[in-house]
Every structure is written in C-alpha cells, then in structure tokens.
Amino acid sequence: MIEARHLRVLRAVAATGSFSAAARELGCTQPAVSQQMKVLEASVGTPLLIRTSREMRLTQAGEVLVRHATGILSGLTAAEEEVAAIAGLRAGRVRLVSFPSGSSTLVPAALAALRAAHPGTRVSLVDAEPPRSVEMLRDGDCDVALAFRYDSVHDDSTAGAAEEWGDLVVRPLLSDRLVGLLPEGHRLAGADTVSIADLADESWIAGCPRCRHQLVEACGKAGFTPRIDFATDDYPAVIGLVGAGLGVAFLPELAMESVLPKAARTVTVEPAVRREIVALTLPDLARVPAVAATLDQLERAAAR
C-alpha cells in the first residue's frame with residue numbers, strides 16, 4: 001500500500017536530487033528519508049530511483065509515481081482542509097426531516113440561529129410524519145428527524161415507539177398538549193375546560209394516522225367511538241373544516257402556534273392528552289459537529 005508520507009518523500013527527493021537535500025526540506029534525517037524510500041519501493045515492487053556516485057535519478061516507474069503524486073497529495077490536502085472546515089463548522093450539510101407543525105414552529109427559529117452562528121453550514125428540510133421520518137433516518141435519507149409519540153400507544157402503527165427508537169440518539173424537546181377545536185358558535189366554545197365525553201355526539205375531523213389513532217383511543221377511554229367524517233394531514237384544512245361548522249377536532253398546541261383560527265375556538269380538554277416532541281439522529285451522526293449544532297438549536301428553540 002502506498003502511503004501519502006512516502007509520496008511526499010519521493011517528491012522531495014525528485015525535486016532536490018538527493019536524500020540529504022530532501023531531508024533538509026522535510027525537516028528530518030537523511031537515514032529516515034532513505035528508509036522511507038526503501039519501504040515505498042518495496043510497496044510498489046520495483047525500483048524508483050537509480051543511485052550512482054555522480055547522481056540520483058528517477059526510474060520510469062519513479063517518474064510515473066511522481067507525476068501522480070502531485071495530484072494525489074493535492075487532493076489529500078484539499079480533503080484535509082474540507083474535513084477541517086466541517087469539523088470547525090465553517091462548512092457542512094445537515095438533512096432535516098420534520099412533521100408539518102414542527103416545520104412551521106420549531107424549525108424556523110432553530111435554523112435561523114444555526115445560520116447566524118455557523119453561516120457555512122447548509123440545512124435542507126423535507127416534511128414527513130413519523131414513522132416515515134424515522135425510516136428515512138435509518139435508511140440514510142436524512143441526518144436529523146423531528147418526530148413525536150403520544151403518552152400511550154397500543155396499535156401496530158405506534159406500539160413500542162420507545163423500543164423502536166432504542167438504536168437512535170433521542171433528544172427530548174417538549175411536551176405538546178392537544179387542545180379541542182370547536183366552531184365559534186358551538187355550545188361549548190366559551191368553556192374554559194371541556195371533557196372529552198361532552199363531545200361524544202359530535203362529528204370529528206381527524207389528522208394523520210398516528211394522531212387519528214390517538215383520537216380514537218382517547219375517545220374510547222371516555223366511553224365512546226368518535227364519528228370521523230373527515231381526515232386530513234393538513235392542519236389549516238382541519239381548522240377550516242371546524243370553522244365551517246363541519247365538526248370538532250383535537251389539535252396539538254404546537255400546530256396552533258403558526259395558524260390563526262378563523263371562526264373556530266380552542267378549549268382545554270380533560271383528561272389531558274400529550275405528545276412528546278423529540279429530535280432523533282443516529283449515534284455516529286450525533287458526533288458530527290453540524291448535526292450536534294442542529295440538535296442544540298432545536299432544543300433551544302423548543303425552550304423558548
């Protein structure tokens with residue numbers, strides 16, 4: 001195997017014409033240069049230098065290797081500088097995937113702070129709900145996944161969420177409570193607190209599959225099965241449907257932060273239903289400076 005240090009020695013010998021001159025240029029001893037040249041010749045299996053009492057010159061193989069050495073060493077230097085820039089957060093790339101309400105609330109503040117602190121770091125963003133976002137992380141399609149899980153989960157789509165994340169680095173961000181969303185003319189729209197059981201006869205508007213399951217489970221605990229007339233992953237669409245008087249809904253507080261409800265009112269629902277918002281990454285990726293900085297900024301954004 002040809003090593004970069006040996007190529008540097010060969011190039012110095014070719015440029016200076018002797019072991020002693022090459023040693024002075026490299027800041028080492030003449031025997032060290034001679035030894036490294038012997039190792040290099042043994043590695044390539046052919047002589048690289050012709051030594052006489054009058055001169056030292058390259059063999060044809062030596063000329064070929066010196067010609068390639070310049071490009072190889074230049075490439076290594078460029079690679080070393082680029083890696084150093086990434087390690088020092090002067091450069092780098094982070095692929096972030098997030099569920100929509102996280103993309104509209106936590107992500108903007110986090111990425112703005114990241115850009116201010118490390119302008120050379122580039123972040124791309126794609127929307128995906130868990131468990132798809134977690135699959136993307138494991139498949140190598142992203143570096144950080146913003147995800148959530150509910151306090152209690154039982155069906156195949158969500159069961160064992162904690163165990164499923166056992167191979168990942170989990171950065172807890174916040175606990176997000178679900179609120180009730182009612183048409184402004186609803187009989188309970190002015191109440192401070194509403195029991196889930198009080199909404200048993202309502203038409204419901206459900207969200208993503210994981211949120212839909214949680215709705216069914218929460219209503220089941222209250223003694224009824226919700227009549228779901230509409231289902232959409234789009235939070236503004238949910239709010240629009242509720243505002244039009246077509247039903248009621250549960251929405252995370254985080255989702256309400258970036259949307260101004262029209263003709264709809266939020267109410268506190270008891271018993272409380274919460275989801276845990278987390279940032280996920282792989283153990284090896286957690287040691288990458290740009291990824292670690294992104295996790296830190298997401299945590300700071302969640303604490304505000």
Side-chain angles (χ1 to χ4, degrees), residues 79 82-83 85-89 91-111 113-114 117-118 121-178 207-218 233 252-255 273-304:
E82 189 171 345
V83 169
I86 293 171
L89 284 174
R93 179 196 68 174
V94 178
R95 297 166 300 164
L96 174 63
V97 61
S98 171
F99 54 93
S101 58
S103 297
S104 62
T105 53
L106 299 177
V107 170
L111 297 194
L114 183 68
H118 310 292
T121 299
R122 297 181 295 109
V123 181
S124 62
L125 174 64
V126 174
D127 275 346
E129 299 272 1
R132 175 57 187 148
S133 56
V134 182
E135 293 172 0
M136 291 175 65
L137 178 62
R138 290 197 176 99
D139 290 343
D141 294 328
C142 70
D143 305 307
V144 176
L146 208 61
F148 62 86
R149 61 188 174 196
Y150 285 95
D151 290 339
S152 59
V153 289
H154 298 296
D155 73 344
D156 292 340
S157 66
T158 54
E163 291 75 12
E164 289 177 3
W165 295 352
D167 60 322
L168 303 176
V169 173
V170 181
R171 181 76 68 92
L173 299 180
L174 59 89
S175 177
D176 187 24
R177 179 168 178 158
L178 271 65
C208 70
R210 178 165 287 192
C211 300
R212 196 174 311 147
H213 165 77
Q214 187 61 33
L215 167 64
V216 172
E217 183 177 89
D233 295 347
E253 286 183 325
L254 197 64
V273 178
R274 298 180 182 274
R275 63 177 186 170
E276 181 188 9
I277 309 297
V278 301
L280 306 171
T281 192
L282 297 171
D284 288 341
L285 285 172
R287 297 195 293 270
V288 176
V291 171
T294 301
L295 294 174
D296 289 343
Q297 293 299 347
L298 285 169
E299 189 171 19
R300 292 189 182 100
R304 293 190 182 104

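Basis for what follows: all heavy atoms, side chains included, without hydrogens, waters or symmetry-related copies.
Shortest non-hydrogen contact noted between Ala218 and Val273 is CB-CG2, 4.1 Å. The two residues Pro289 and Ala87 come nearest to each other via the heavy atoms CG-O, 3.5 Å. Pairing each heavy atom of Ala147 with each of Pro130, the nearest pair is CB-CB, 4.1 Å. The shortest non-hydrogen separation linking Pro108 to Ser103 is CD-O, 3.1 Å. Taking both residues in full, the closest heavy atoms of Val278 and Pro172 are given as CG1-CA, 4.1 Å, listed atom of the first, atom of the second, then distance. The heavy-atom pair separating Ser98 from Leu146 by the smallest distance is OG-CD2, 3.3 Å.
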Step by step, work out the side-chain contact (heavy atoms from CB on, under 4.5 Å) result for Val123 and Val107. CA-CA 11 Å; Val123 181; Val107 170; over 6 Å; no
Working note: Arg138 + Leu168, criterion side-chain contact (heavy atoms from CB on, under 4.5 Å); need CA distance, chi angles, decisive distance, verdict. CA-CA 9 Å; Arg138 290 197 176 99; Leu168 303 176; 4.0 Å; yes
Steps toward side-chain contact (heavy atoms from CB on, under 4.5 Å) verdict (Asp143, Thr294): CA-CA 10 Å; Asp143 305 307; Thr294 301; over 6 Å; no
Can you give me every donor-acceptor pair (side chain of residues 297-304, partner residue at least two apart or in another chain, under 3.5 Å) with its distance?
unit_1: Glu299; atom_1: OE1; unit_2: Arg171; atom_2: NH1; d: 2.7

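Phe99 meets the ring-ring contact (aromatic ring centres under 6.0 Å, His included) test with Phe148; sequence neighbours excluded. Partners of Asp139 under the side-chain hydrogen bond (donor to acceptor under 3.5 Å, both in side chains) rule, at least two apart in sequence or in another chain, do not exist in this structure.
The CG atom of Leu254 sits 3.5 Å away from atom OG1 of Thr105, with the distance rounded to the nearest 0.5 Å. To the nearest 0.5 Å, atom NE2 of residue His213 and atom SG of residue Cys208 are 11.5 Å apart. Gln214 CD to Arg149 CZ: the interatomic distance, rounded to the nearest 0.5 Å, is 13.0 Å. With values rounded to the nearest 0.5 angstrom, Leu114 atom CG is found 8.0 Å from Leu89 atom CG. For the atom pair SG (Cys211) and CG (Asp233), the distance works out to 8.0 Å, reported to the nearest 0.5 Å. Atoms OG and CD, from Ser175 and Glu253 in turn, are 9.0 Å apart once rounded to the nearest 0.5 Å.
The number of heavy-atom neighbours closer than 6.0 Å to CZ of Arg122, taken from other residues, nucleotides and ligands shown, is 12 or below.
Contact of the Cys142 side chain with the Val126 side chain is not registered, since no non-hydrogen atoms from C-beta on lie closer than 4.5 Å.
Using a cutoff of 4.0 Å between basic side-chain nitrogens and carboxylate oxygens, Glu135 and Arg132 are scored as salt-bridged.
For Asp176 (side chain) and Pro252 (main-chain N/O), no donor-acceptor pair under 3.5 Å exists by modelled atom type.
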